Amino acid sequence: MKRIAVYPGSFDPVTYGHIDIVQRGRKLFDKIIVAILNNPAKKALFPVDERLEMLRESMSEISGLTFDSFDGLLVDYVKSQGAQAILRGMRAVSDFEHEFQLALMNRKLNREVETVFLMTGMRWFFTSSSIIKEAASFGGDISDMVPPNVLQRVRAKLKR
Ligand code: PNS
């Protein structure tokens, strides 16, 4: 049986922290589906299509990946893809409570789906999509937190 995980998130935009989790996740899973939640309620900097493009560009050298977007419950999406697990990255302790709640709720909704957490690499401990957007919007240098293609798109978007 192939071990398949869904790596869900907003990816608005993808960062080196996400790429690190996927690279390490591939050692555990044969295939990873990187999936963006299509959430009209959450105001995003990039539309889903552009986020997908950035993911594809940034992870083109990693094998065994597919890219998608989904609506509705994550566990339903996981089952629909024939996957067994949800992959999530955990940064500082501040992530823990939210991630714990999410994992427990997902387990309650479907006991067949397991959540697997990978600790973020030390280098990416303080990297998050929100913080890089904020820093970039005030002219801060985010070049060591996102790949060059993303950097270019963030700069272009914020200039408008
Ligand atoms: O990158 P994010 O914003 O931390 O990702 C959050 C995400 C997409 C993993 C989470 O919001 C999610 O799975 N949403 C889909 C709805 C759902 O199933 N929620 C959990 C149980 S209520």
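Being a predicted model, the structure only gives us computed values, none of them experimental. These values consider heavy atoms only, across backbone and side chains, with no hydrogens, waters or symmetry-generated copies. Order of listing sets the numbers, starting from 1, for every ligand and every atom in it.
Linking ILVMFWY side-chain heavy atoms closer than 4.5 Å, directly or via other members, places L28 and I33 in two distinct hydrophobic clusters. Residues F125 and V146 fall into different hydrophobic clusters, defined by Ile, Leu, Val, Met, Phe, Trp and Tyr side chains chained together at heavy-atom separations under 4.5 Å. Connection of W124 to F117 is not established within any shared hydrophobic cluster, with ILVMFWY side chains joined at heavy-atom distances below 4.5 Å, either directly or through further cluster members.
Counting only heavy atoms, the protein gets under 4.0 Å from atom 1 (O) of ligand 1.
Of the listed residues (D12, L74, V6), the one carrying the non-hydrogen atom nearest atom 17 (C) of ligand 1 is L74.
Among protein heavy atoms, atom 14 (N) of ligand 1 sits closest to L37 CD2, 3.5 Å. The single protein non-hydrogen atom nearest to atom 3 (O) of ligand 1 is S10 OG, 2.6 Å, given as residue, atom name and distance. In terms of protein heavy atoms, atom 20 (C) of ligand 1 is closest to N106 OD1, 3.6 Å. From the protein, the heavy atom lying nearest to atom 4 (O) of ligand 1 is R88 NH2, 3.0 Å. Counting only heavy atoms of the protein, atom 15 (C) of ligand 1 lies nearest to G72 O, 3.6 Å.
More than 12 non-hydrogen atoms from other residues, nucleotides or ligands lie less than 6.0 angstrom from CZ of R3. More than 12 heavy atoms of other residues, nucleotides or ligands sit less than 6.0 Å from atom CD of E57.
A 4.5 Å side-chain heavy-atom check between S80 and F70 finds every atom pair outside the cut-off. Looking at R26 and I32, their side chains come closer than 4.5 Å, going by heavy atoms from C-beta outward.
Close approach of ligand 1 to L73 is summarised as follows: ligand atoms under 4.0 Å from at least one heavy atom of the residue are 17 (C), 18 (O). Using a 4.0 Å cut-off to heavy atoms of K42, the atoms of ligand 1 that qualify are 3 (O). The ligand atoms of ligand 1 that sit less than 4.0 angstrom from a heavy atom of M105 are 21 (C), 22 (S).
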